[in-house]
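One structure is given below, encoded as structure tokens.
No experiment lies behind these values; they were computed from the predicted model shown. Index from 1, following the sequence. For ligands, and for the atoms within them, numbers begin at 1 and follow the listed sequence.
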Amino acid sequence: MSNIKEIERRKTFAIISHPDAGKTTLTEKLLLFSGAIQIAGAVKSNKIRKTATSDFLEIEKQRGISVASSVLSFDYKGQKINLLDTPGHKDFAEDTYRTLTAVDSVILVIDCVKGVEEQTEKLMNVCRMRKTPVIILINKLDREGRDPFELLDEIEEKLSIKVRPLTFPFGMGISFRGVYNLIENTFSFYKANKQFIEDDIRSFKGVDDPALSAIFGSDAKKLKDDIELINGVYEPFNKKDYLDGEVAPVFFGSALNNFGIRELLDTFVQLAPRPVPRETTKGFIDPTDDKFSGFVFKIHANIDPKHRDRMAFVRICSGKFERNTYYHHVRLNRDMKFPNPASFLAQSKSLVETAYPGDVIGLYDSDTFKIGDTLTEGESFMFKGIPRFSPEIFRVVMNKDPFKSKQLEKGLRQLTDEGLAQLFIQPDTNRKVIGVVGELQFDVIKYRLLQEFGATAEFSFMNAYKAFWLKYKSEDDVDEMKRLRSNSLYVDKTNELVFIAESSFALSRAQEKNPKVEFLSQVEHNDQTVEQGY
Ligand code: G4P
């Protein structure tokens, strides 16, 4: 099958980091190294500026930009690289978690001054859950950062993953001289150049090569000691351990100065996995499977504000996608064809005729897709593993314009289908609660409800700790909850019963009183084990 060739040459990945570590800069530099752009500075920052807490126009503008850069595809050394963008702002972290379900590996960027930060830990937890292979870049070596060995220890400890440095820095900040490549025994001399690539690489026969002393003088001993220490402390690099998500190769560099990035990219194309099998409700689907299948992991609204278009991003998992061919929308049990599917090359969007496993295509959508939806050639299975987490902030929705309640309902439904927030409804009172990860999402929801649906909503404070999906075998198991705790009981969009606990104490009490119920703060879209309703 010719598909195999196409599958073999694809690498689909995401760059993740705590905001400000250098994700956007690295994205741009990868495009620069691959030749997809010629000069740095061409990629606009697609992140919502950290200072913008309520600048709606800015949000809109940024959202517009990030559609175009949601997927960046480029060729490098005969491989087709699909880089899936993730939002830079932590308030949209859930979007990032979902995007991680559509990639086969990640590059994690860490700031050498700050080390492992809060968001780095959360993102790594998701990768670990999925056993996603990780390559780490320790960035900003042009700054006075922390001791590299200390950073490596911190990564192992806080991110619970073993590391294996493949390059190692010599100096840092103003004394930064470059990085030693431990696999190839080369030294890459640091040259600060923000716009262009300037390579100055020397090969050595090893750390005992006299040429090393000739170049570095008395400093050569420090470099030699460091390299010997690494080779002594860390086990030799093993590709299988990386592919199993157990060991992360580590690179050092300065994305801003195009430095250390070539080593990273070259190793990435050699090591990173091609599209891997994915779990569905009927078992694993292999990318080499003849029949087409894919799932929606992201929905983007307002591609064109004049037409209220949305775009559903589909990760292709098996077979071959062809334009204008009927595919089966499993949840709706309906066959649909797509005349204008979009693919993404560097920064431009174009019509796609065919696409292969690992590729991401954009389907124009008018309210037919939800996150997690599956397309097949007729079979009725759904892709699993797309996580839903308990929100962190909850607010009660208040309709400020009674004549627009239908619009409000529709707006809430569509925005939550996109995954912008989660909606919980109290069955008896019809009280609606919106749950999000960050405050900024409320601003976006309010703004979009008004702009796109003409609905005016306010959100009032709600004392809540976390939401728990309830898993149980029989209705009797939740009898106590329904009698005594109905104030805290809601259903989500799929009619699953959810307990919104006011505090961790309230959770413990409810757990004590309902021993046959499982309280889950994380479930999956399309998880058929949670299927009870209210
Ligand atoms: P993010 O997407 O992870 O949030 O980070 P981003 O790339 O936007 O980088 C955050 C800041 O760190 C930017 O500075 C960027 O220029 C800087 N940066 C990235 N890589 C390096 C590096 O290797 N060395 C140094 N010294 N700085 C680096 P900014 O001032 O916030 O933005 P800008 O005005 O430069 O765009």
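In the vicinity of A255, heavy-atom distances shorter than 4.0 Å reach the ligand 1 atoms 23 (O). Those atoms of ligand 1 that come under 4.0 Å of a heavy atom in S254, given as number and element, are 22 (C), 23 (O), 24 (N). Atoms of ligand 1 lying under 4.0 Å from at least one heavy atom of K23, given by number and element, are 1 (P), 2 (O), 3 (O), 5 (O), 7 (O). Residue contact check: S17 has heavy atoms under 4.0 Å from atoms 3 (O) of ligand 1.
The shortest distance between side-chain heavy atoms of L152 and F168 falls below 4.5 Å. Between I261 and F251, the closest side-chain pair of non-hydrogen atoms is not below 4.5 Å. The shortest side-chain heavy-atom distance between I138 and I155 falls under the 4.5 Å cut-off.
The distance criterion of under 3.5 Å between nitrogen or oxygen atoms is met by L256 with respect to ligand 1. Inclusion of L26 in the set of residues having an N or O under 3.5 Å from an N or O of ligand 1 is not warranted. For ligand 1, none of its N or O atoms has an N or O atom of P19 under 3.5 Å away.
The closest donor-acceptor contact from the side chain of K29 to the backbone of L256 lies under 3.5 Å. Remark: side-chain polar atoms of R278 are paired, donor with acceptor, to backbone N or O of T101 under 3.5 angstrom.
Within the 4.0 Å heavy-atom criterion, the part of A21 lying near ligand 1 is the backbone and not the side chain. Contacts of V109 with ligand 1, taken as heavy-atom pairs under 4.0 Å, are absent altogether. For D142, every heavy-atom contact with ligand 1 shorter than 4.0 Å involves the side chain, none the backbone. Contact annotation for K140 and ligand 1: heavy atoms of both the backbone and the side chain come within less than 4.0 Å of the ligand.
Assignment of N257 to the shell around ligand 1 is not supported, since no heavy atom sits closer than 4.0 Å.
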Query - Derivation and outcome, ring-ring contact (aromatic ring centres under 6.0 Å, His included), residues F176 and F259 - result: CA-CA 11 Å; F176 183 43; F259 187 76; 5.5 Å; yes

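For the residue pair N82/S73, the side-chain donor-acceptor check at 3.5 Å is satisfied.
Taking all atoms of both residues into account, the shortest heavy-atom contact from F297 to I371 is O-CD1, 3.7 Å.
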